[in-house]
Amino acid sequence: MCESKFVSCVKRNNRRIYLIALSYTKSSADAEDIMQNVFVKLWKYEKPFENDEHIDKWLTVVTINESRDYIKNPFKRYKLPLEEAINLAAPNKNENIDLLKAVMELPKKERTVIHLFYYEDMPVSDISQILKIKESAVKTRLFRARKKLKSMLGDEWIYE
């Protein structure tokens, strides 16, 4: 991959990769480490990509795998206060902070599918492939997460 294409890919995906890693780790330091590892893997990757969408999907899968591996290591479990994580993850004032806070409080499995489905606009089939679970399991996790979010947020949260 040429340097200019790599730089444009990093610029296009850095926030997205960071947020996926943050949804796993709840730690900005760990999310930054994971993001760095992902982009190093991209730089070293030698096979050609079909297009930008292919690169983005590859980065998502690598980020999820890196995040899983990272949190398995007991020495790398630094915790960031939830308020600080929310401030880092949602600098855009138009985003609903209460919703983001509620999502970050969900169990990891549910938080991950919510993030991929709503924040990354991924279809259930893609989430199923990336997480290596059945589509029915993705749908179940989404259902449970929505139910929990509704109980946390009341009628303020309406999903489609």
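Counting from 1, the numbers follow the sequence of the chain as shown.
Remark: Lys148 pairs with Leu106, Pro107, Glu110, Met152 by the side-chain contact (heavy atoms from CB on, under 4.5 Å) rule, at least two apart or across chains. Residues satisfying the salt bridge (Lys or Arg N to Asp or Glu O under 4.0 Å) test with Lys41, not counting sequence neighbours, are Glu66.
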Problem - Audit row: Ile64, Tyr24, side-chain contact (heavy atoms from CB on, under 4.5 Å) steps and yes/no - result: CA-CA 8 Å; Ile64 289 169; Tyr24 270 86; 3.2 Å; yes
Exercise for the section: Take Tyr118 and Val103, measure what side-chain contact (heavy atoms from CB on, under 4.5 Å) needs, and give me the verdict at the end. Expected result: CA-CA 11 Å; Tyr118 287 104; Val103 168; over 6 Å; no
Handout entry: Candidate pair Glu120 and Asp126, rule side-chain contact (heavy atoms from CB on, under 4.5 Å), full reasoning
Key = CA-CA 11 Å; Glu120 301 297 327; Asp126 287 355; over 6 Å; no
Exercise for the section: Begin from the C-alpha positions of Leu42 and Phe49 and carry the test side-chain contact (heavy atoms from CB on, under 4.5 Å) through to its verdict. Expected result: CA-CA 11 Å; Leu42 176 63; Phe49 290 101; 3.7 Å; yes
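Between Ala21 and Ser67, the shortest heavy-atom distance links the atoms CA-OG, 3.6 Å. Of all non-hydrogen atoms in Ala31 and Thr25, the two that sit nearest each other are N-OG1, 3.9 Å. Of all heavy-atom pairs spanning Leu22 and Ser28, the tightest one is CD1-N, 3.9 Å. The nearest pair of heavy atoms linking Leu142 to Val113 is CD2-O, 3.8 Å.
Taken from CG in Leu149 to NZ in Lys147, the straight-line distance is 13.0 Å, to the nearest 0.5 Å. Here CD of Gln36 is found 13.0 Å from CG of Asn14. Values are rounded to the nearest 0.5 Å. In this structure, the separation between CZ on Phe143 and OG on Ser136 is 14.0 Å, given to the nearest 0.5 Å. With rounding to the nearest 0.5 angstrom, the OH atom of Tyr119 is 8.5 Å from the CD1 atom of Ile114. Interatomic distance, CD1 of Ile34 versus OH of Tyr18, reported as 10.5 Å (0.5 Å rounding). Separating the NZ atom in Lys109 from the OG1 atom in Thr140 is a distance of 12.0 Å, to the nearest 0.5 Å.
Using a 4.5 Å cut-off on side-chain heavy atoms (C-beta onward), Cys9 and Leu59 make contact. Looking at Val138 and Phe117, their side chains never come closer than 4.5 Å, going by heavy atoms from C-beta outward. Side-chain contact between His115 and Met104 is absent, with no heavy atoms from C-beta onward closer than 4.5 Å. Taking 4.5 Å as the limit, every side-chain heavy atom of Met35 sits out of range of all side-chain heavy atoms of Val38.
Applying the side-chain hydrogen bond (donor to acceptor under 3.5 Å, both in side chains) test to residues at least two apart or on different chains, the pairs with a partner in residues 2-13 are Arg12-Asp56, Asn13-Arg16, Asn13-Asp56. For the side-chain hydrogen bond (donor to acceptor under 3.5 Å, both in side chains) condition, no pair includes a residue of residues 43-52, sequence neighbours left out. Within the structure, the salt bridge (charged side-chain N to carboxylate O under 4.0 Å, His left out) test picks out no pair touching residues 135-144 (sequence neighbours left out).
In this structure, Ser128 contributes its side chain and Val124 its backbone to no donor-acceptor pair below 3.5 Å.
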